[in-house]
Participant: 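Quick one: the structure is below, and I'll ask about it shortly.
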Amino acid sequence: MGRGRGKQRKEAEAAREEEERRRLLEASPLRKEAVEAMRLDREGRHEEAIARADELAAKHPESAFVLHLAAGLHQNASTRAAGDGSDGQASVMHLVYARDFYAQAKRLAPNCVQIATGFAMAKVPSAKDYEPDREIMRALAISSPTDPAENNVAFDLDRTLSTAMDRLAKAREAALFHSHHIMSHMSAKVIPRVVVDMLDISKREGAATAKKRAKKALVERFDYSARAHLTHAKISLDFARGLDPNIDKKPFLNGILDALNNLVEEFSNSLEIAMFRAKLLFVLGKYCSVELECDRAICMEEPTDPREEDVPPGSIPGEKPEDRKSYIRAELKRLVQKLVLVCRDYWCSLASEKQDSFRLVGLKSLHEHFVVFYQDVQEAAKTISDALNFVKKNKSWRFWICPYCVGKKIPDIDSLLQHMRSKHPEGGFWTKLLSVLDPKPISDTYQGATICQDSEENYVLHFKRMDHIFKYLFLRAADKIEEKSFSQIREEKCRKGVFILEKIKLKLNNAPTDILRSEFNEACAEIRDLWHYFLEISLMDYRVAISPLAMCFILDRLLKCMTEDKEAVSNSIDAAAINAVFPFVDVCPDIDAIFPNVDDAPDGNDADTSTSVTHGQSDEEMSSVDVLNKENRDENMLFLHVVIQSLWNLRCFRDEILRAPPVTILHINENFCIADLFYGIFFAWEKNEHNGVDVLLTSMKDNLCKIANGNMFQKLQAGKGIASEVVATILQALHMSETPLHFDFNYEIEEREVSPVSCGDCICRTHFLFGIKFQVQMSCRCGKCFGEKEHTTIFYRLDASSPQTTKIKSFAELPVLYDEKSCFEDNCKHCGSPKNVDVSPSNTPHFFTIGLYWFGDSENQVQLSEVLVGIAHPIDIKLLCKGVHSSAKYSLASMISYANGRYICFARDQDKWLICDGETVEAEDSWDQLLGRFRGCRLQPEVLFFEIIK
């Protein structure tokens with residue numbers, strides 16, 4: 001009863017307060033005038049209403065409700081003017097007045113949620129950042145808000161909300177609604193604009209300047225934005241990358257990592273931040289944390305759409321959010337694969353005694369590891385525990401299961417038969433089945449790691465070959481192994497077992513009754529095979545389930561050992577180490593090249609019982625491209641087909657094109673999008689779907705002519721070699737069609753446009769795979785002229801008919817020619833003499849491409865041709881490009897050559913060489929055999945693609 005009276009008393013007091021407030025408000029003559037102005041506006045007499053409100057505001061500048069009224073009327077007028085497009089200038093002026101009145105009203109009533117919300121909305125429609133986000137967040141955070149009726153005369157006309165609590169709830173609801181609009185506007189419009197500006201400053205004025213500006217303009221201003229933090233991190237990384245090689249980069253990189261570590265909890269669903277952290281951890285040698293961060297990111301249940309966070313804006317490809325999320329997950333998986341390869345290299349560097357210690361895995365230690373570090377994967381620890389208990393009791397690692405009974409473990413075949421006859425009699429089925437069976441045993445075919453006992457009688461797994469383990473881990477990182485838990489394997493075996501038994505029953509029922517007939521013997525043989533298959537399916541082996549867990553345990557041990565080994569973690573980090581994972585992880589070599597002569601299934605992994613492995617490419621993969629349609633065999637199309645085949649045969653380039661559709665972030669003529677055409681052609685060849693390829697090739701030809709401002713294929717008709725020109729045009733077109741940093745923000749169309757900027761900092765796929773960056777220093781003997789330039793090239797041009805070129809007798813003489821072609825020839829303006837030029841490449845690309853231009857005919861050109869075709873063996877990049885500081889081996893991967901009046905592509909396919917001419921694809925076992933086929937004609941190489949050997 002006491003509680004009821006107290007509630008009634010509070011309600012009565014609130015009613016009295018409400019009535020007193022309404023009486024005071026209605027008694028104010030000024031408020032009545034304001035109400036009349038509001039009434040005029042609602043009657044459609046907007047100009048009169050605004051004039052009355054402006055007059056009241058001028059006379060009563062200390063009245064919050066008058067200023068709020070004036071602000072709201074001007075804001076509505078701005079919206080009307082912008083909506084009908086009648087007067088853009090009027091819309092802007094009304095908005096200026098609205099912001100001014102709101103600012104004055106906020107000063108008088110700082111705790112009014114409606115005034116704060118209106119002020120925030122008035123700040124949105126402007127190219128200038130008036131910080132509407134901060135104002136709306138302030139509105140939502142007001143702890144002791146005033147009654148909205150005090151500062152809004154609209155409540156005098158609308159009396160539907162009877163209490164202050166109702167009015168306040170409605171005001172908060174409106175503020176929350178508008179906050180979504182405002183924050184979306186900031187994320188989609190304002191922040192990307194600032195990000196683009198900061199990246200542009202970084203390119204024009206350097207990362208050091210941009211780093212300081214980004215700290216204030218992005219991190220401090222938009223502290224709630226992952227994109228803002230990531231932009232600062234990227235610019236800081238560029239700053240560290242550009243430091244002098246003698247300066248230790250680790251303190252700078254650790255500073256970036258510390259800043260990102262502080263954001264993990266706030267942006268727990270950010271794939272972009274997780275990816276950046278994982279890559280940074282990799283560069284710093286914190287290998288244990290790399291795997292953990294990659295796993296955390298890949299397993300995010302509801303990650304943020306990368307389009308809201310990527311840097312530069314729009315750089316993550318994909319039409320749908322899930323496509324973009326998949327793109328980042330794939331990048332993270334490549335990073336884990338790279339981590340596995342680093343572990344393999346580290347293990348290979350160890351002494352043999354240390355190497356052997358990783359081959360041994362104690363099951364007790366394995367169980368403790370999964371209990372402590374994988375608490376969310378309890379089934380793994382339970383499987384190990386069950387295995388130890390089972391082998392202790394039964395002295396065996398394997399058992400049989402009944403497909404109808406859950407959880408029962410049967411030690412041998414006789415016990416299985418006895419169990420099934422007893423628990424599942426099935427009439428006379430078992431008697432009839434036993435009459436045709438023979439006692440064929442199921443041998444122990446397990447070929448995996450050996451399990452033995454140590455001196456303390458603890459079970460230990462001993463792996464014979466570590467390369468099996470590393471291949472398993474490499475495939476597992478890319479989800480190319482279908483992992484199943486022990487319980488899932490059991491469920492699948494039960495389903496298969498039931499199906500086989502039903503099939504046996506059917507065969508028994510349909511078997512001839514005459515045992516002398518041959519059909520009877522055939523039916524019995526088939527039933528015996530099915531029964532033997534049933535026994536194999538019903539077999540469970542704990543060793544098969546434990547082996548993958550043990551291999552993951554070995555990886556964790558290696559990562560921990562590597563991280564703690566000071567010799568394994570480099571004391572200095574160079575730009576190449578950063579470039580290996582930023583912005584993209586290096587494309588991994590072909591798996592068969594990494595793990596030669598290693599079976600798909602690692603130790604103990606039978607595909608039927610535990611792990612299914614699907615990876616790699618067929619032996620005929622390279623020749624899977626289609627030949628040209630017989631109805632479309634004109635010379636131009638045959639030639640273009642050969643050119644595209646030469647690029648298709650570059651596996652890493654093909655994988656880059658196919659792993660995601662082209663990035664469509666540029667405001668350019670869609671007819672020039674060569675990347676789209678490549679994706680279409682490669683996708684069709686990959687799926688062995690040939691319809692439409694001719695159309696794509698025709699479009700490719702037309703677009704190349706448009707880019708070249710003329711029909712370059714006319715030179716082909718005139719008998720002139722054009723392969724070099726076409727390949728150079730293709731690479732340049734690919735670069736321009738998907739370069740995220742080649743844009744400016746156009747505020748009128750609110751999109752990014754291509755801008756003619758330097759491609760020194762380009763991160764497109766073309767530069768990533770083919771680009772070489774040069775630092776060029778120029779000086780003169782007089783000492784008055786000195787300068788530095790940066791130059792990036794994706795294609796080396798060489799005049800095969802020049803007097804210098806035709807004198808070449810070995811491939812080692814090519815660098816001199818390259819230096820001459822890349823020297824930026826210029827004369828000193830003081831003394832007139834040529835400048836001395838020093839060209840120093842700062843990176844080693846994945847592909848090194850040389851284009852040769854052949855003019856005329858001479859014996860020297862024949863000699864050069866013979867030199868060039870003899871280059872199948874690996875060569876050092878120092879022979880290809882003078883000035884490279886680090887050594888890297890390259891091998892010829894693909895070549896376009898002219899011979900006997902037609903173009904031919906030669907391509908390496910593992911240990912064979914393919915010959916493609918647009919109509920046929922043939923193979924030779926060696927380079928010498930390939931050359932032997934063309935010994936009677938003159939080969940004229942025009943484009944040479946060299947691939948790095950990792």
Side-chain angles (χ1 to χ4, degrees), residues 68 71-72 75-76 78-80 82-83 91 95 98-99 102-103 105-106 110-143 145-146 148 151-152 154 161 165-195 218-231 263 265-273 300-311 313-314 316 318-322 324-325 745 747 750-751:
H68 189 188
Q75 189 172 19
N76 293 340
S78 175
T79 303
R80 287 193 299 271
S91 175
L95 205 59
R99 286 195 295 264
Y102 273 126
K106 173 187 173 182
N111 290 336
C112 179
V113 175
Q114 284 193 328
I115 289 176
T117 302
F119 195 14
M121 290 301 295
K123 290 181 174 185
V124 172
S126 174
K128 184 177 180 181
D129 179 18
Y130 285 103
E131 302 184 358
D133 48 344
R134 290 185 174 175
E135 187 62 24
I136 196 65
M137 285 189 280
R138 189 188 73 83
L140 293 171
I142 294 175
S143 58
T146 57
N151 302 300
N152 191 344
L161 300 175
M165 187 176 297
D166 292 338
R167 291 189 288 270
L168 188 56
K170 195 70 175 177
R172 285 190 180 280
E173 182 182 338
L176 184 61
F177 173 80
H178 289 301
S179 72
H180 295 316
H181 167 76
I182 291 172
M183 301 311 289
S184 177
H185 169 79
M186 300 301 292
S187 176
K189 301 291 184 181
V190 179
I191 296 175
R193 188 183 306 159
V194 181
V195 167
L218 286 171
V219 174
E220 295 177 2
R221 170 64 187 88
F222 306 108
D223 58 333
Y224 57 83
S225 167
R227 176 175 277 158
H229 291 284
L230 284 165
T231 304
L263 303 173
E265 186 173 350
E266 181 180 357
F267 301 101
S268 59
N269 291 327
S270 172
L271 282 171
E272 288 276 1
I273 287 181
M300 284 181 186
E301 293 183 359
E302 296 182 0
T304 305
D305 184 352
R307 175 158 291 176
E308 299 177 14
E309 302 177 340
D310 55 357
V311 180
I316 299 299
E319 293 183 6
K320 301 176 181 178
E322 193 54 43
R324 297 186 283 272
K325 295 172 187 176
F745 197 89
Y747 294 104
E750 295 188 340
E751 291 186 23

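Predicted, not measured: the structure shown is a model, and the values here were computed from it.
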Participant: Report the distance from atom CG of Asn269 to atom CG of Asp305, rounding to the nearest 0.5 Å.
Facilitator: 12.5 Å
Participant: Enter the distance from Lys325:NZ to Thr304:OG1 here, rounded to the nearest 0.5 Å.
Facilitator: 8.0 Å
Participant: Identify the heavy atoms of Val195 and Pro313 that sit nearest to each other, and give their distance.
Facilitator: CG1-CD, 3.8 Å
Participant: Run the side chain to side chain contact (heavy atoms under 4.5 Å, CB included) test on Met186 and Ser225 for me, step by step, so that the C-alpha distance in whole Å, both residues' side-chain angles and the decisive distance to 0.1 Å come before the verdict.
Facilitator: CA-CA 9 Å; Met186 300 301 292; Ser225 167; over 6 Å; no
Participant: Without swapping roles, check the side chain of His229 against the backbone of Asp223 for a donor-acceptor pair under 3.5 Å.
Facilitator: yes
Participant: Do the side chains of Lys170 and Pro148 get nearer than 4.5 Å, heavy atoms only?
Facilitator: no
Participant: Atom CD1 of Ile191 and atom OH of Tyr224: how far apart are they, to the nearest 0.5 Å?
Facilitator: 4.0 Å
Participant: Would you give the length of the straight line joining atom CE of Met121 to atom CD1 of Ile182, rounded to the nearest 0.5 angstrom?
Facilitator: 5.5 Å
Participant: What heavy-atom pair brings Met183 and Ile136 nearest, and what distance separates the two atoms?
Facilitator: SD-CG2, 4.4 Å
Participant: About how many Å separate SG of Cys112 and CG of Leu168, when rounded to the nearest 0.5 Å?
Facilitator: 9.5 Å
Participant: Checking side chain to side chain contact (heavy atoms under 4.5 Å, CB included) for the pair Glu131/Arg221: CA distance, chi angles, key distance, verdict?
Facilitator: CA-CA 9 Å; Glu131 302 184 358; Arg221 170 64 187 88; 3.3 Å; yes
Participant: Could you tell me whether the side chain of Arg307 and the main chain of Gly314 form a donor-acceptor pair under 3.5 Å?
Facilitator: no
Participant: Compare every heavy atom of Glu308 with every heavy atom of Ser187, then report the nearest pair and how far apart it is.
Facilitator: OG-O, 4.2 Å
Participant: What pair of heavy atoms forms the shortest contact from His68 to Asn151, and how long is it?
Facilitator: ND1-O, 2.6 Å
Participant: From Leu263 CG over to Leu230 CG, what is the distance, rounded to the nearest 0.5 angstrom?
Facilitator: 8.0 Å
Participant: Which heavy atom in Leu218 sits nearest to a heavy atom in Ala228, and how many Å separate them?
Facilitator: O-CB, 3.6 Å
Participant: Once you measure the plane-to-plane angle for His181 and His185, does it fall in the parallel (<30°), tilted (30-60°) or perpendicular (>60°) bin?
Facilitator: parallel
Participant: Compare every heavy atom of Ser91 with every heavy atom of Ala82, then report the nearest pair and how far apart it is.
Facilitator: CB-OG, 3.5 Å
Participant: Verify, without hydrogens or angle tests, whether Arg134 (side chain) and Ala120 (backbone) share a donor-acceptor contact under 3.5 angstrom.
Facilitator: no
Participant: Under 3.5 Å, is there a donor-acceptor pair between the side chain of Ser184 and the main chain of His180?
Facilitator: no
Participant: Between Asp129 and Arg193, does any NZ, NE, NH1 or NH2 come within less than 4.0 Å of an OD or OE carboxylate oxygen?
Facilitator: no
Participant: Classify the side-chain pair Tyr102/Gln75 by whether it contains a donor and acceptor separated by less than 3.5 Å.
Facilitator: yes
